[in-house]
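Order of the sequence lines sets the chain letters (A, B, ...), proteins ahead of strands, with each chain counted from 1.
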Amino acid sequence: MSSNTDFVLAVEGLTVSFDGFKAVNDLTFYVDENEIRVIIGPNGAGKTTVLDLICGRTKATDGSIKFRNRELTRMKEHDIVKAGVGRKFQTPSIYGDLSVFENLEISFPRGRSVFGALVFKRDEEVISKVHEVANMIFLGDQLDKQAELLSHGQKQWLEIGMLLMQDPDLLMLDEPVAGMSVGERQQTAELLRSIIKDRSVIVIEHDMQFVAQIADKVTVLHQGKILAEGSVDKVKNDPKVIEVYLGH
Amino acid sequence: MFAEYSSSELLSIFAMQGVAGLILFSVFVLMALGLAIIFGQMGVINMAHGEFMILGAYVTYLTSHVFSTYLPDFFSIYFILAMILAFIAAAALGALVEWAMIRHLYHRPLDTLLATWGLSLILQQTYRTVFGPREVGVTLPDWLMGSYQLTESIELPINGLFVMCLALGISLAVALLMYRSRWGTQVRAVVQNRPMAGAVGINTGKVDRVTFALGCGIAGVAGSAFTMIGSTGPTSGQLYIVDTFLVVVFGGASSLLGTIASAFSISQAQSTMEFFMSGSMSKVLTLLFVVLILMLRPQGLFTLKVRR
Amino acid sequence: MSYQGFRSLLPKKDLYSFLVLALILVVVLPLSLDIFRLNLVGKYLTYAFVAVGLVLCWGYGGILSLGQGVFFGLGGYAMAMFLKLEASDPESTKIQSTPGIPDFMDWNQITELPFFWEPFYSFGFTLLAIILLPTILGYIIGVAMFKRRVGGVYFAIITQALAAILTILIIGQQGYTGGVNGMTDLRTLHGWDIRTDNAKYVFYFVCVFLLFVCLFIAQFIRKSKLGRLLVAMRDKEDRVRFSGYDVSNFKIFVFCVGAIFAAIGGAMFTLQVGFMSPTLVGIVPSIEMVIFCAVGGRLSIIGAVYGALLVNFAKTSFSESFPELWLFAMGGLFIAVVMAFPNGLAGLYNTYAAPKVDAFFAKLFGKTPVSHSSPPTPLPSKPTNTKTESVTLPQGVVHEQ
C-alpha cells in the first residue's frame with residue numbers, strides 16, 4: 001500500500017466514515033523523529049478521531065498508518081501500546097479507586113499478561129521508577145492518596161505520569177491543559193517541555209499561546225481534511241485558516 | 001425430519017404453526033415494546049416488567065368480574081375499558097416505582113437490575129396474597145370466541161387475530177409517539193445528551209418518569225391482551241421475562257423496528273420448530289440460537305454506527 | 001512462601017478476619033450444632049463458593065453474571081452422575097427392565113447408558129470434569145463476550161438466558177438428566193455410605209477446607225496486580241487497554257475462576273445434600289447467589305461467606321415459620337442492599353464496628369508493634385470503596401452511545 005519511510009509516523013490516505021459521514025477524509029501527514037506536532041482545528045474537525053485511529057480505538061475505513069514502518073491499522077490496541085504509542089485522553093482518565101502509586105504502577109511496562117499480573121512483584125525497580133515519575137508530575141508527596149481525591153489539574157498530570165511510566169516513542173496528548181488554572185497551565189507547559197525530549201509528540205490543543213511555545217509544526221484540520229500545515233506563524237497568517245476560525 | 005410429510009402437509013403445518021407463531025409474536029411485541037422503551041431509551045433494566053404485565057392481567061380479570069356481576073348487558077365491551085384501566089394501573093405503579101427507586105439508580109444499571117428483581121419478588125408475593133396462588137382466567141365476550149376457517153386446514157382464532165391487531169395498533173402508536181410527537185423528540189434528546197437537554201429547558205426528571213410509566217403502561221396492556229389467550233398466575237410474568245429481554249437485545253436495544261423484527265423471527269422460529277420436536281427443545285434451540293447470534297453480533301440486528 | 005510475602009498477601013486486618021471465620025466454621029459451629037443443623041450450614045457454605053467467585057467477577061471485575069447457577073449445576077451434576085452410577089449397579093437395579101442404568105432412564109424407556117455418561121464411572125474423571133467443564137464453558141462464554149467488548153447489562157442478560165436454557169434442557173431431557181426431580185437417591189461413594197452422620201461430618205470439614213482454599217486463591221488474586229487491574233478496568237477500561245493490557249483476557253480469567261469456584265460448591269452440595277436438581281441451576285437460584293454476595297459486601301470475600309450463611313439462615317427460619325413473608329423479605333433485601341447499603345455487611349462493619357474492634361484488639365495486645373514487613377516505601381493503602389458509582393460498568397456494547 002505504501003512504502004517504508006524514515007518517519008516515526010507515516011499516515012497516508014487515512015479515511016474513516018461513520019454511516020457515510022467521513023469524519024477523516026484522505027488524510028496524509030508525517031511525523032519526524034523527536035518532532036512536536038500540534039494539531040489544531042475547529043470543533044468537529046476530526047482531531048480526536050485521528051488520535052483514535054492511530055491508537056486503534058477506531059478502525060480505519062481506508063488508508064494506512066505506519067509507526068516505524070509497522071502497519072497499525074490492523075493491530076490490536078494493546079499491541080499498538082506495546083509497539084511504543086502512548087495516548088492521553090481528553091478528559092482525565094485515571095483510576096479513582098486506586099492510589100496515585102497504584103495508578104502509576106499499573107502503567108509500568110511489565111507483567112501485562114494474566115499470569116504476569118498474578119506474579120508481578122513490586123520490586124525496587126518499580127518503586128524507584130514510580131517515585132521518579134511522581135516527582136516529575138508534582139505528585140511526589142501524594143503517592144498514598146486515593147486518585148479520586150486529586151484536583152482536576154493533578155488528575156491530568158497523573159495521566160501524563162502514567163504515560164511516562166510506559167515511556168512511549170510516540171506520545172499523543174489530547175488537550176493536556178484543558179480545564180486547568182493559569183498556574184497549573186504554566187506548570188504543565190514546563191512538564192511537557194521536559195517530557196517531550198527524546199520522543200515524538202502529537203498534541204491537540206486550542207490554546208494558541210501554548211501551541212506557539214511548544215510546536216515544531218502545526219497541522220490545521222477542517223472537516224476531516226488538512227487545511228494547512230507548517231510553522232505556527234505560517235498557519236496563523238494563512239487566509240484559509242483565518243476564514244475557518246473567524247467565519248464569514 | 002421433513003421426509004415423512006408430503007409437501008402439501010408441510011405447507012399447512014408451516015401455515016398453522018405460522019399462525020400460532022404470529023400470536024406468540026404479538027405477545028412478544030406487546031411485552032417487548034414497553035421494555036424496549038425503558039431499556040432502549042433509558043438504559044434501565046426492569047426485571048419487574050413481567051409483573052407489570054401481570055398487573056394488567058389481574059386488572060382485566062377484576063374488570064371482567066365486575067362487568068359479569070353488575071353490568072352483564074355491557075359485557076361485550078368490557079375489554080376496551082379493561083385495557084384502559086390496565087394501562088392506567090400499570091403506568092401509575094410505574095411512575096411510583098420510578099420516583100421511589102429507579103431515579104436514584106440511573107448511573108448503576110446493574111444495581112437497577114437487582115433492585116427491580118427485588119420488586120418483582122414483592123409484587124409476585126402480593127399477587128399471591130391478594131389473588132391466591134391459582135391461575136385465573138377471564139371469560140371472553142362472545143365476539144372474541146371461535147375462529148375463521150381460512151382454508152380446509154388453516155384456522156384463524158379470533159382472539160388471536162384481535163391480539164395481533166392490538167399489537168400492530170400499539171406499535172404504530174408508540175412509533176408515532178417516539179418519532180413524530182414533541183414528547184418523543186424530548187425523550188430522544190434526553191437519551192442522547194442529558195445535560196444539554198436539561199440546559200435547553202427540558203425537565204429531564206419528568207421525561208424519565210413519563211417514559212418509565214409509559215413503558216409499564218404498555219406492559220399493562222400486554223397483560224390485558226395476554227388474558228385472552230392464556231390464564232394468569234402470580235408468577236406468569238417471570239416465564240416471559242428472559243425471552244422478552246432477548247427479543248429487545250436481539251433487535252438492537254434502541255430500535256423499535258429491530259424489536260419488532262426480532263420478535264417476529266424468534267416467535268416464528270420457536271413455533272415452527274415446536275411441531276417437529278418437543279416444546280422445550282424448540283425453546284432451547286431458539287434461545288441458544290439467539291444467544292449465539294448475540295455473541296457474534298452483540299449490538300443486535302439493527303443499530304446505528306456512531307462515533308464513541 | 002517467605003514471611004514477608006505472607007504478610008503482604010494477608011495483612012493483619014485480613015488475617016484476623018480469616019482467623020475469626022475459621023474459628024466459627026471449624027470450632028464454634030461444629031461444637032454447638034447437631035449434625036442436622038451442621039449439615040445445613042454445610043449446604044449454605046456451598047453457596048458461599050459461588051458468592052466468593054462473584055466478589056471477584058462482580059465486585060472487582062464489574063462483570064455481573066446472572067448465570068452462576070449453570071456452573072454450580074455443572075459441578076453438582078457431574079458429581080451426581082458419578083454417585084448415581086454407583087447407586088445403579090445391576091444388583092440394586094435388577095427389578096428394572098434394563099438393570100444397571102439409573103432408574104430415571106429406565107422409567108423413560110432408555111435401554112442403554114448414553115455415551116456421555118460412560119466416563120462418569122471413573123471418580124478421577126468426575127473430579128477432573130468438575131474443574132474442566134466450567135472452565136471450558138466459562139472460557140467459551142468469556143471469549144465470545146469479552147473479546148467483543150460485551151459487558152454490563154448485556155452480559156448479565158445473556159448469562160441469565162444461559163441459566164434458563166440449561167434449566168429447560170435438563171427438565172426437557174428427563175431420560176438423560178432425571179428431569180425436574182433431578183438426580184436423587186444417591187447412596188455411596190466408593191462403597192462408603194454418604195447418608196450417615198459420620199459422612200456428613202467429614203463432608204462438612206472437606207467443604208470448609210475447600211472453601212478456605214478458594215478464599216486463599218481469591219485473596220491472592222485480590223492482592224496481586226491482577227486485582228488492582230480489575231478495579232482499574234471497572235473504572236476506566238479504555239485507560240487500562242491503552243496502557244498495554246488485553247483487557248478481555250483478565251475478564252475471561254476471573255470469570256473462569258468464578259465458574260470453577262461455583263462448580264466446586266455444586267459438587268459439595270451434591271455430596272452433602274444427596275441430590276442435584278434443576279431448581280439449583282435456573283434463573284432464580286442464580287440471581288439469589290448474587291444477593292448472597294451483595295449482602296456480604298460485593299468487595300469482601302470473607303463478607304460473601306457471611307452473606308451466604310445469613311441469608312440462608314434467614315430463608316430457612318422464615319420458610320419454617322412465615323413462608324408467606326419470605327418473598328417480601330427477600331425482595332426487600334434486594335432493594336435495601338442496592339439502595340441503602342451497597343457495600344453490604346462488610347461496608348456496615350467497616351463503618352460502624354471496625355473502629356471499636358480495632359480499639360479492642362489494641363487494648364488486648366497492648367500497642368500494635370510496628371510491622372517490620374513494610375517495604376522501603378509506604379505501600380499505598382487499599383482505598384475504601386465508598387463510591388458506589390464505580391461498581392458499575394458503562395454500557396457494554398461497542399457501538400452503544
Report which part of [X] has an atom under 4.5 Å of a heavy atom belonging to chain B: side chain, backbone, both, or neither.
X: Val337(C); result: neither
X: Ala161(C); result: both
X: Met145(C); result: side chain
X: Ile287(C); result: side chain
X: Leu66(C); result: side chain
X: Leu162(C); result: side chain

Between [X] and [Y], what is the shortest heavy-atom contact and its length?
X: Ala156(C); Y: Leu113(B); result: CB-CD1, 3.9 Å
X: Gly332(C); Y: Ile122(B); result: N-CD1, 3.7 Å
X: Phe334(C); Y: Leu114(B); result: CD2-O, 3.4 Å
X: Ala164(C); Y: Val242(B); result: CB-CG1, 4.2 Å
X: Val338(C); Y: Arg108(B); result: O-NH2, 2.8 Å
X: Ile165(C); Y: Val291(B); result: CD1-CG2, 4.2 Å

Does atom [atom1] of [X] have more than 12 heavy-atom neighbours from other groups under 6.0 Å away?
X: Tyr240(B); atom1: OH; value: no
X: Tyr176(C); atom1: OH; value: no
X: Phe341(C); atom1: CZ; value: yes
X: Tyr139(C); atom1: OH; value: no
X: Phe322(C); atom1: CZ; value: no
X: Phe104(C); atom1: CZ; value: yes

Option in Met339(C), Lys147(C), Gln173(C), Met330(C) with maximal non-hydrogen atom pairs under 4.5 Å from chain B:
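Highest number of heavy-atom pairs under 4.5 Å: Met339(C).
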Using a 4.5 angstrom heavy-atom cutoff, name the option from Val143(C), Ile171(C), Ile157(C) with the most pairs to chain B.
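Top count of heavy-atom pairs under 4.5 Å with chain B: Ile157(C).
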Rounded distance (nearest 0.5 Å) linking atom [atom1] of [X] with atom [atom2] of [Y]:
X: Leu287(B); Y: Leu166(C); atom1: CG; atom2: CG; answer: 12.0 Å
X: Ile168(C); Y: Ser282(B); atom1: CD1; atom2: OG; answer: 9.0 Å
X: Phe245(B); Y: Ile158(C); atom1: CZ; atom2: CD1; answer: 12.5 Å

Hey, does [Y] have a side-chain heavy atom less than 4.5 Å from the side chain of [X]?
X: Leu121(B); Y: Trp326(C); value: no
X: Leu110(B); Y: Trp58(C); value: yes
X: Gln160(C); Y: Ile241(B); value: no

For [X], which atoms come within 4.5 Å of any heavy atom of chain C: side chain, backbone, both, or neither?
X: Leu105(B); value: side chain
X: Ala48(B); value: neither
X: Thr126(B); value: both

Side chain to side chain contact (heavy atoms under 4.5 Å, CB included) evaluation trace for Trp117(B) with Val290(C):
CA-CA 11 Å; Trp117(B) 177 266; Val290(C) 174; over 6 Å; no
List the steps and the verdict of side chain to side chain contact (heavy atoms under 4.5 Å, CB included) for Met47(B) and Ile283(C).
CA-CA 12 Å; Met47(B) 282 301 214; Ile283(C) 295 172; over 6 Å; no
Under the criterion side chain to side chain contact (heavy atoms under 4.5 Å, CB included), I'd like the reasoning laid out for Arg298(C) against Asp111(B): C-alpha separation, chi angles, the key distance, then a yes or no.
CA-CA 12 Å; Arg298(C) 57 186 85 170; Asp111(B) 282 2; 3.1 Å; yes
Between Met101(B), Gln125(B), Gln124(B), which residue shows the highest count of heavy-atom pairs closer than 4.5 Å to chain C?
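Ranked by contacts with chain C, first place is Gln125(B).
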Of Ile45(B), Val249(B), Leu294(B), which is the lone residue that meets side chain to side chain contact (heavy atoms under 4.5 Å, CB included) with Tyr154(C)?
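Filter result, single survivor: Val249(B).
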